[in-house]
Amino acid sequence: MGKKKKHIQTDKEKIFQEEAARKRKELAETKRLKRVKDAWWLVGFACVLFALSLGFTVWTVARMHNFETNYLTVSGAVSDYKVHHGTATNGNYSRTTYTLVISYTVGGHEYEFLDTVAYRVRPTDMIGTMTEIYVNPLNPEKAKKVTTADDPSIVSAIIFPFSAVIYTLGVLLLLQEKGSSFIKRLLRIWLPVFLWCVISVLLFWTGLPDDRFSAVFTRVEGVIGYAVVGGVAILALLIDVIISKKSR
C-alpha cells in the first residue's frame with residue numbers, strides 16, 4: 001500500500017482555523033471579564049451593606065453613650081402588658097403580639113411607658129418582675145428599657161454577616177483571576193473580616209464609658225453577632241490552613 005499523502009493546509013483552511021481560534025480566545029476573554037465584573041459588583045454590594053451596618057453600629061454607640069451619660073438608671077417594674085392585633089397585608093391571617101407596660105418612680109412621682117419589644121406569647125409570667133430602665137432627668141416621662149436601648153446594634157449584627165459573605169465570594173472570584181494563595185486569602189478575606197469584628201466590639205464598648213469591657217457582651221446584644229462572625233472567620237482560616245497544607 002502506498003503511503004497516504006500528507007495534507008497540505010490551504011490558505012483558506014489556515015485562515016478559518018485562525019479565525020476559530022481567535023473567536024475562542026475572544027469568548028474566553030469575554031467570560032473572564034464578566035466574572036471579574038460580577039466579582040466587583042459583589043464587592044461593591046458588600047461595601048454598601050458594610051456601610052449600612054457601620055451606620056447602625058455608630059448609631060448604637062451614640063445612643064448608648066447618650067443614655068449612659070445623660071439619663072438616670074432606675075429600677076422599673078413590669079405592671080401590665082398591651083395587646084396588639086395585626087393583620088397580614090394579604091389579609092390571610094392575623095397576628096397578636098404583646099408589649100410590656102413598665103412602671104417606675106422618679107422624684108416621688110410615678111410614671112409608666114410602653115416597651116418596644118413585641119412578644120408572641122402572652123407575658124403573664126413577667127408581671128411584677130423588675131428591670132433596669134433609662135430615664136430622661138429633664139423629662140421623666142421619657143424612658144427606655146436598658147435591654148432594648150441597643151436595638152440598632154441588632155440590626156447591624158444582622159446586616160454585617162451578609163456583607164462578609166458577599167465580600168468573601170467577590171474576593172475569591174477576583175483571586176481566581178489573579179492567582180489565589182493562602183497568604184492572599186489571609187490578608188484579603190479572613191484577617192479583614194476578623195479584625196473588623198474586633199473593632200466593632202471595641203466601638204460598641206465606647207458607648208459604655210463607665211463599664212468594663214466584659215459588660216459590652218451583656219449590655220449590647222449585637223456584640224454576640226459580631227463575636228460569632230469573628231469565630232466563623234477563624235474557623236474558615238483554620239480549614240484553609242489544613243486544605244492548603246494537604247494540596248502541597
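It should be emphasised that the depicted structure is a prediction, and the values quoted were computed from it without experimental measurement. Scope of the values below: all heavy atoms of this structure, side chains included, with no hydrogens, waters or symmetry mates.
Here the side chain of Ser163 pairs no donor or acceptor atom with the backbone of Leu49 at under 3.5 angstrom. Using modelled atom types, no side-chain atom of Ser180 and backbone atom of Gln176 make a donor-acceptor pair closer than 3.5 Å. Side chain of Ser156 to backbone of Pro152: no donor-acceptor contact under 3.5 angstrom is found. With Arg185 contributing its side chain and Trp190 its backbone, the two residues share no donor-acceptor pair below 3.5 Å. With hydrogens and angles disregarded, no donor-acceptor distance shorter than 3.5 Å links the side chain of Trp41 to the backbone of Gly170. A donor-acceptor pair under 3.5 Å is absent between the side-chain atoms of Ser53 and the main chain of Phe160, judged by distance alone.
Heavy-atom neighbours of Lys37 NZ from other residues, nucleotides or ligands within 6.0 Å: at or below the threshold of 12.
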Mind running side-chain contact (heavy atoms from CB on, under 4.5 Å) on Val101 and Val78 for me, showing each step along the way? CA-CA 6 Å; Val101 176; Val78 179; over 6 Å; no
Apply the test side-chain contact (heavy atoms from CB on, under 4.5 Å) to residues Thr124 and Tyr81: give CA-CA distance (whole Å), side-chain angles for both, the deciding distance (0.1 Å), then the verdict. CA-CA 8 Å; Thr124 53; Tyr81 58 85; 3.7 Å; yes
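Ring orientation note: the planes of Tyr111 and Tyr104 are close to parallel, at an angle under 30° on the 30°/60° scale.
Cluster annotation: Phe50 is not connected to Val165 through the hydrophobic network of ILVMFWY side chains, with a link wherever side-chain heavy atoms come within less than 4.5 Å. A continuous path of hydrophobic side-chain contacts links Val171 to Val241 [ILVMFWY only; heavy atoms under 4.5 Å].
Between Leu186 and Leu237, some side-chain heavy-atom pair lies under the 4.5 Å cut-off. The closest side-chain heavy-atom distance from Val146 to Thr131 is not below 4.5 Å. Annotation: side chain of Thr73 is not in contact with side chain of Phe67 (no heavy-atom distance under 4.5 Å). Residues Tyr98 and Val121 form no side-chain contact, since every pair of their non-hydrogen atoms from C-beta on lies 4.5 Å or further apart.
A donor and an acceptor atom, one from each side chain of Lys144 and Thr116, are located under 3.5 Å apart.
The ring of Phe204 has its center closer than 6.0 angstrom to the ring center of Tyr226.
In terms of the side chain to side chain donor-acceptor pair (under 3.5 Å) criterion, residue partners of Tyr134 (sequence neighbours excluded) are, by chain and number, Glu68, Arg219.
To the nearest 0.5 Å, atoms CZ (Phe113) and CG (Leu100) are separated by 9.0 Å.
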